[in-house]
Number of protein chains: 2
Amino acid sequence: MQLSCITLFTMERVLDRILSEITGRGFRLTRVRRAVVEIFLDRGLPLSAADVIAALRPGNASINKTTVYRELAFLEEHGIIKEIRFLHERVKRYELAGGDHHHHLICMKCRKVEDIVLEGDLEEEERRILESTGFRVLDHSLEFVGICQGCR
Amino acid sequence: MQLSCITLFTMERVLDRILSEITGRGFRLTRVRRAVVEIFLDRGLPLSAADVIAALRPGNASINKTTVYRELAFLEEHGIIKEIRFLHERVKRYELAGGDHHHHLICMKCRKVEDIVLEGDLEEEERRILESTGFRVLDHSLEFVGICQGCR
DNA sequence: GAGTGTAATGCAACTTAGTTGCATGTGTCA
DNA sequence: TGACACATGCAACTAAGTTGCATTACACTC
């Protein structure tokens, strides 16, 4: 992955913030934990447990899948990553939490995922839903499926 | 399920249309096939394979799960139902295809699901996405999670 | 109404994704 | 350096869905 100096610098800061958040709450900074957080930062995309395991393999010969599942649960529980699911996919995915609120563009051909930020998002819609149905929206998930520029 | 005469009449018409679509293409109208379509019409909500199996049980003592999975695949393949997945759920769900384009309100407390139709939907957003990223949106999925009127 | 071909069904065994219990290992702090 | 509790590894398990293959039953013809 090619990174500019700025991006690298930002990533280091985010990594430090996450790691000190973990230690600050009395949890340990283990080899696996650090590696998993770095993988999420490095990829910047929603990853499944299988993705994380594959990414860990080169350096750390045999990391148990149970450990990875538990690490993902730990990071989610502490608000560092959050679960998302894509349409027609059976696997859980996670991405770093705490970034800007965004949605995903998923290419049907190459399966590439891009983030997208919508102007004004859906606040207006959610207000209208409350008015017309009495349903109070607390969260939403939105994903777009189609063909990316490279595949057209 | 309480139904008005109008609703019952409409359901009958929809059922007939679906069934004649199936026979018209040279497929058989079996006991299970008819029952599954009727269940979707009757419930009017996204159902999982387990839901369908449970709904079949009372009348049809032992319908094999393989049959149900294959029936759902058949109905999806022929555009009669379509797959949807809800956030944080691992199971596939299906709902009748061909109705108005809509989204779902999912109550976190009672798990009830309501349909919602958005004014103008997301056409405007999709046009903007094409302009700014070159990604051509062909489909989207949107669901709202929150608290329904009854649970507040 | 009987015969026939093929779609549909049932059963068992399998796959994939994720989880649980329990014994063992290792970071961190005193 | 030692000790405690968090973290890890292994094996066995669960849930959801799939596959292969033998059997059944629609729907069509006669």
Side-chain angles (χ1 to χ4, degrees), chain A residues 18-39 46-57 59-78 80-94 111, chain B residues 18-39 46-57 59-78 80-94 111:
Chain A
I18 291 173
L19 296 184
S20 60
E21 219 167 280
I22 290 169
T23 54
R25 292 188 213 173
F27 296 100
R28 294 182 195 158
L29 218 57
T30 62
R31 192 170 55 97
V32 177
R33 182 156 297 160
R34 180 187 286 275
V36 171
V37 173
E38 279 174 356
I39 287 166
L47 301 176
S48 66
D51 293 336
V52 172
I53 290 168
L56 282 168
R57 278 285 145 72
N60 308 268
S62 67
I63 279 164
N64 196 274
K65 67 169 181 166
T66 305
T67 305
V68 173
Y69 279 110
R70 281 201 272 236
E71 192 53 43
L72 293 173
F74 172 92
L75 294 173
E76 189 192 9
E77 199 178 329
H78 292 88
I80 293 159
I81 58 176
K82 65 180 175 194
E83 187 192 328
I84 52 173
R85 283 189 191 252
F86 288 161
L87 201 64
H88 302 305
E89 263 200 359
R90 60 194 292 180
V91 296
K92 273 186 191 177
R93 293 187 174 274
Y94 296 91
R111 306 302 300 168
Chain B
I18 292 173
L19 297 184
S20 60
E21 219 168 281
I22 290 168
T23 53
R25 291 189 215 171
F27 296 100
R28 293 179 196 162
L29 217 56
T30 63
R31 188 171 58 98
V32 177
R33 181 155 298 158
R34 178 187 288 273
V36 172
V37 173
E38 279 174 357
I39 288 165
L47 301 175
S48 66
D51 293 336
V52 172
I53 290 168
L56 282 169
R57 279 284 143 75
N60 308 270
S62 66
I63 280 164
N64 196 272
K65 65 168 182 168
T66 306
T67 305
V68 172
Y69 280 110
R70 281 200 272 235
E71 191 53 42
L72 293 173
F74 172 91
L75 293 173
E76 189 191 10
E77 200 179 327
H78 292 87
I80 293 159
I81 58 176
K82 64 181 176 196
E83 187 192 327
I84 52 173
R85 283 189 191 254
F86 288 161
L87 201 62
H88 304 304
E89 264 200 359
R90 62 194 291 180
V91 296
K92 273 186 190 175
R93 291 186 175 277
Y94 297 90
R111 308 300 302 168

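The chains referred to below are lettered A, B, ... by the order of the sequence lines, with proteins before strands, and numbering in each begins at 1.
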[X] has an atom [atom1]; how far is it from atom [atom2] of [N], in whole Å?
X     : N      : atom1 : atom2 : result
B:I22 : D:dA27 : CD1   : P     : 11 Å
B:E83 : D:dT18 : CD    : P     : 9 Å
B:R34 : C:dT9  : CZ    : P     : 13 Å
A:R31 : C:dT28 : CZ    : P     : 13 Å
B:H88 : C:dG18 : NE2   : P     : 14 Å
B:R25 : C:dA8  : CZ    : P     : 12 Å
B:R90 : D:dT18 : CZ    : P     : 14 Å

Residues touching DNA chain C, which here means a heavy atom under 4.0 Å, drawn from residues 66-77 of chain B: B:T66, B:T67, B:R70, B:E71
side-chain N/O A:K92 vs C:dT19 OP1/OP2, d < 4.0 Å: yes
Pairwise 5' ranking along DNA chain C for B:K65 and B:F27, keeping only the more 5' one: B:F27
Test item: B:I81 and B:L47 side chains (from C-beta on) under 4.5 Å apart, heavy atoms: no
Test item: A:I53 and A:I63 side chains (from C-beta on) under 4.5 Å apart, heavy atoms: no
Does the [X] side chain pair with the main chain of [Y], one donor and one acceptor, at a distance under 3.5 Å?
X     : Y     : answer
A:R33 : A:E71 : no
B:R93 : B:I84 : no
B:R85 : A:E89 : yes

Upstream residue (5' side of DNA chain D) when A:T30 and B:R85 are each assigned their closest nucleotide: A:T30
Spatial distance of atom CD1 (B:I22) from atom CZ (B:F27) [nearest 0.5 Å]: 9.5 Å
Nearest-neighbour nucleotide for the B:L29 side chain, C:dT9, D:dT18, D:dA27 considered: D:dA27
Closest to side chain of A:N64, choosing from D:dC26, D:dG9, D:dA16: D:dG9
Presence of donor-acceptor pair under 3.5 Å, side chain of B:R33 and base of C:dA8: no
Heavy-atom donor-acceptor pair, A:R28 side-chain to C:dT26 base, under 3.5 Å: yes
Modelled atom types, side-chain donor and acceptor of A:E83 and B:H88, under 3.5 Å: yes
